[in-house]
Every structure is written in C-alpha cells, then in structure tokens.
Amino acid sequence: MVIFLKVKGRCLTTHVTSTLQETEPMGRYEEYADIDWNNLGYGLIKTDYIYKAKCTLNNTFEQGQVCDYGNIELSPGAGVLNYGQGIFEGTKAFRGEDGRILLFRPDQNAIRMQIGAERMCMQSPSVQQFVDAVKQTAIANKRWIPPPGKGSLYIRPLLIGTGPTLGVSPAPEYTFLVYASPVGNYFKAGTGPLNLYVNNEFHRATRGGAGCVKSITNYAPVLKAITGAKEQGFSDVVFLDSVHKKYIEEASCSNIFLVKGNVISTPATVGTILEGITRKSIIDIARDLGYKVEERLIALDELMEADEVFTTGTAVSVATVGSVTFNAQRIEYKTAGELVSQKLYKTLVGIQVGKIKNKYDWAVEIK
Ligand SMILES: Cc1ncc(COP(=O)(O)O)c(C=O)c1O
C-alpha cells in the first residue's frame with residue numbers, strides 16, 4: 001500500500017504494509033469527494049494530487065513524487081511554450097460494482113508516449129515509470145473516482161519541454177506530470193447519437209507530419225473547425241485527408257468506424273491519424289465477436305453509404321453516430337434496434353469495469 005506524507009507543502013511517497021493511516025487533514029480519505037456525482041460533465045475538476053518527475057536531455061527521469069495538486073511554474077523560454085514540445089496521453093480509472101479500481105491498458109499509453117517522445121525529440125519515462133505514475137495518481141485521488149455507473153476518473157499524463165531554449169532545438173529539461181479529473185459523458189447531449197460534420201477546409205494532419213502522435217500541436221489548429229461545427233449544432237468534425245481531400249481520417253478526439261453488412265471498416269493508420277487504444281481494442285473485440293474488420297483507405301462516399309457509423313476513444317468510449325453532413329448533404333444512419341456499436345460498447349465497458357473477463361487481461365486492478 002502507498003501512503004503520502006506531507007512535509008511542509010512537499011510530498012514524500014512511502015510504502016507501508018499496514019492498513020491506511022490518516023496522515024492528512026480530515027476528509028482526504030473519505031470514500032467519495034463531496035460533488036454531485038449524478039451530473040458529471042466533461043470539465044476539469046481539481047482533484048487532490050498530481051504526479052511530477054523531471055529529467056534533463058540525454059538522462060533518465062528522476063523518481064517521481066505525488067504532490068498537492070496546483071499550478072506549475074515555467075520559464076518563459078520553456079520549449080513547450082515556444083516550440084510546442086509537448087505530448088500527452090489520456091486513460092481512465094473505473095470503479096467496478098465489486099469495489100475494485102481498474103485501469104484500462106495503461107501500458108499501451110506508455111508505449112504511445114514513448115513513440116511520440118521519440119518523434120518530438122523528447123526524453124520519455126520508461127513504460128514502468130509511466131504505469132506506476134498513473135497508478136499512484138489514481139490511488140492518491142481515489143475519492144474522485146466516480147461511483148459505479150456514474151463516470152470515470154480521466155487521467156492525463158503530460159510530457160513537456162520545461163527547459164529554456166531560444167533557438168529552435170530540443171529543450172534541455174523535460175517534466176512528466178500526471179493529473180486527473182472525474183468525468184461523465186464527453187458530449188453535452190450525453191449518450192445520444194452524434195451528428196458529425198465533414199470539414200474539407202481544415203486538415204488535422206499531413207503525410208510526414210505528427211498526426212500519428214498525441215502532440216499538443218495537433219489540437220489548436222483544428223479548434224476553428226470544431227468550434228465552427230459546434231456553433232452550427234454538430235457534435236464533432238470528421239477530417240479528410242489533406243492530399244486528395246477525399247478519404248476520411250478521424251474525428252477531433254476519436255477514431256471513426258463504419259459498418260456495412262457484417263463488415264466493419266476503419267481508416268488505416270498511415271501516419272496521419274492517431275492509433276487509438278480504443279480503436280485497437282475495438283478491432284480485437286469485433287473480430288472476437290465474429291465480425292470481419294478491415295483497416296484501409298475509406299472514401300467519404302463510402303461513409304455516406306454505410307449502415308452504421310461510430311467513433312471510438314478514451315473520452316468518448318464507443319459513440320453511435322446518427323448523421324453525417326457534408327456540404328448540404330445530410331445522411332442519417334440506423335440508431336435504433338440491434339446496433340453493432342452498442343454491442344461493442346457494452347463489451348468494452350464490461351471489460352473496463354471488470355464485469356467481463358477478457359482473454360487479454362486488459363483491465364489492470366490497482367490497490
Ligand atoms: C485525434 C485523436 N484521435 C483518436 C483518439 C482516440 O485514442 P484513444 O482511443 O487512445 O483514446 C484521440 C484521443 O486520444 C485523439 O485525440
């Protein structure tokens with residue numbers, strides 16, 4: 001068991017074998033934080049603790065510490081502020097009905113962060129350190145993990161160049177942070193079908209760019225497309241490839257799938273879309289359930305002719321799409337009756353909350 005001892009505002013991490021001892025002001029170890037668990041949205045709610053570790057270029061990361069949650073101080077010359085040297089991850093902790101706390105495939109996020117760090121010329125924590133940091137952050141903030149069925153604790157590992165650099169070059173120092181926030185549904189409309197808007201003006205990524213890594217630089221350039229679509233009442237945007245402006249890529253924070261007959265198809269990962277961990281998991285789940293799954297180029301016309309469409313991501317889970325609009329053309333999909341997306345959603349969530357034991361052992365129990 002890990003407990004956190006506060007020493008004049010700093011934090012020390014120590015391992016004990018006894019039951020949890022109260023070393024904090026009263027209330028920190030109550031079972032649940034005092035918030036309205038029935039109305040969780042998708043905004044940042046401050047929790048108690050944040051994990052921090054630093055390293056200099058060509059070195060390994062120091063042992064991290066779980067500290068009181070708060071702002072961080074940065075040099076105005078920090079690589080992340082000036083040249084966008086930053087990558088992040090997103091994963092979730094779930095509370096099962098049996099009281100267990102489960103993470104979903106955190107090693108996959110660790111591996112993706114390492115691949116992203118290599119692409120962005122950054123030092124990255126080892127897979128072991130990453131997974132330990134995620135576990136420590138979840139356990140330290142346990143009272144913020146929603147009751148079963150009310151949501152999850154979204155965990156955000158962040159790797160940023162904090163050392164100053166005036167010329168365009170890798171930062172001399174990196175900071176690895178992990179913070180968390182309880183979340184409910186990603187979309188305001190809750191779990192209802194999404195209405196997507198196909199944008200052929202702004203592109204998320206180009207061949208040879210960094211679309212396939214979770215770089216912070218991939219998001220601000222598409223805020224205009226997302227806010228524009230939301231102002232018109234759409235839930236999210238579907239981006240097209242930047243070369244032919246013809247093939248679908250992904251949505252703003254999720255991968256896209258279409259169903260036609262017994263075949264499920266999703267765009268292949270050719271360097272311009274993020275290789276989602278949910279995407280990868282859904283492909284395996286669908287194949288195990290007997291569906292044929294294809295990863296390939298998918299023209300927009302094909303999306304418009306699908307029986308069903310859905311998106312996948314840590315934040316959105318598996319989200320059924322009700323309509324896709326391109327220019328003035330709006331296509332509606334099947335959203336009632338037996339849906340492939342709902343079958344996949346139930347299986348995924350069942351695995352995440354420990355109701356379904358899957359052969360891959362994706363759910364990792366933490367204590
Ligand atoms: C652009 C983009 N695509 C896809 C995804 C889905 O990835 P994952 O399933 O790993 O959350 C995300 C979210 O992380 C994303 O930001």
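Numbering of residues begins at 1 and proceeds along the displayed sequence. Everything quoted here is computed from the prediction, not taken from an experiment. Both counts, for ligands and for their atoms, begin at 1 and track the order of listing.
- Between E305 and K260 there is no salt bridge, since no side-chain N of the basic residue sits under 4.0 Å from a carboxylate O of the acidic one.
- For the atom pair CG of L300 and CD of Q329, the computed distance is 8.0 Å after rounding to the nearest 0.5 Å.
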Once you restrict both partners to nitrogen or oxygen, which atoms of ligand 1 have a protein partner under 3.5 Å, and how far apart are they?
from: ligand 1; atom 1: 3 (N); to: E250; atom 2: OE1; distance (Å): 2.6
from: ligand 1; atom 1: 9 (O); to: I277; atom 2: N; distance (Å): 3.2
from: ligand 1; atom 1: 9 (O); to: T278; atom 2: N; distance (Å): 2.9
from: ligand 1; atom 1: 9 (O); to: T278; atom 2: OG1; distance (Å): 2.6
from: ligand 1; atom 1: 10 (O); to: R112; atom 2: NH1; distance (Å): 2.8
from: ligand 1; atom 1: 10 (O); to: R112; atom 2: NH2; distance (Å): 3.1
from: ligand 1; atom 1: 10 (O); to: I277; atom 2: N; distance (Å): 2.8
from: ligand 1; atom 1: 11 (O); to: T314; atom 2: N; distance (Å): 2.8
from: ligand 1; atom 1: 11 (O); to: T314; atom 2: OG1; distance (Å): 2.6
from: ligand 1; atom 1: 14 (O); to: K214; atom 2: NZ; distance (Å): 2.6
from: ligand 1; atom 1: 16 (O); to: K214; atom 2: NZ; distance (Å): 3.2
from: ligand 1; atom 1: 16 (O); to: Y219; atom 2: OH; distance (Å): 2.5

Checklist entry - Does the side-chain hydrogen bond (donor to acceptor under 3.5 Å, both in side chains) test come out yes or no for D132 and Q128, once each step is laid out? => result CA-CA 6 Å; D132 283 350; Q128 182 70 50; 3.3 Å; yes

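- Residues satisfying the ring-ring contact (aromatic ring centres under 6.0 Å, His included) test with Y69, not counting sequence neighbours, are none.
- Screening residues 91-122 for ring-ring contact (aromatic ring centres under 6.0 Å, His included), with sequence neighbours left out, gives F104-W362.
- Residue pairs that meet the ring-ring contact (aromatic ring centres under 6.0 Å, His included) test with at least one member in residues 231-284, sequence neighbours left out, are Y197-F234, H244-Y247, F257-F310.
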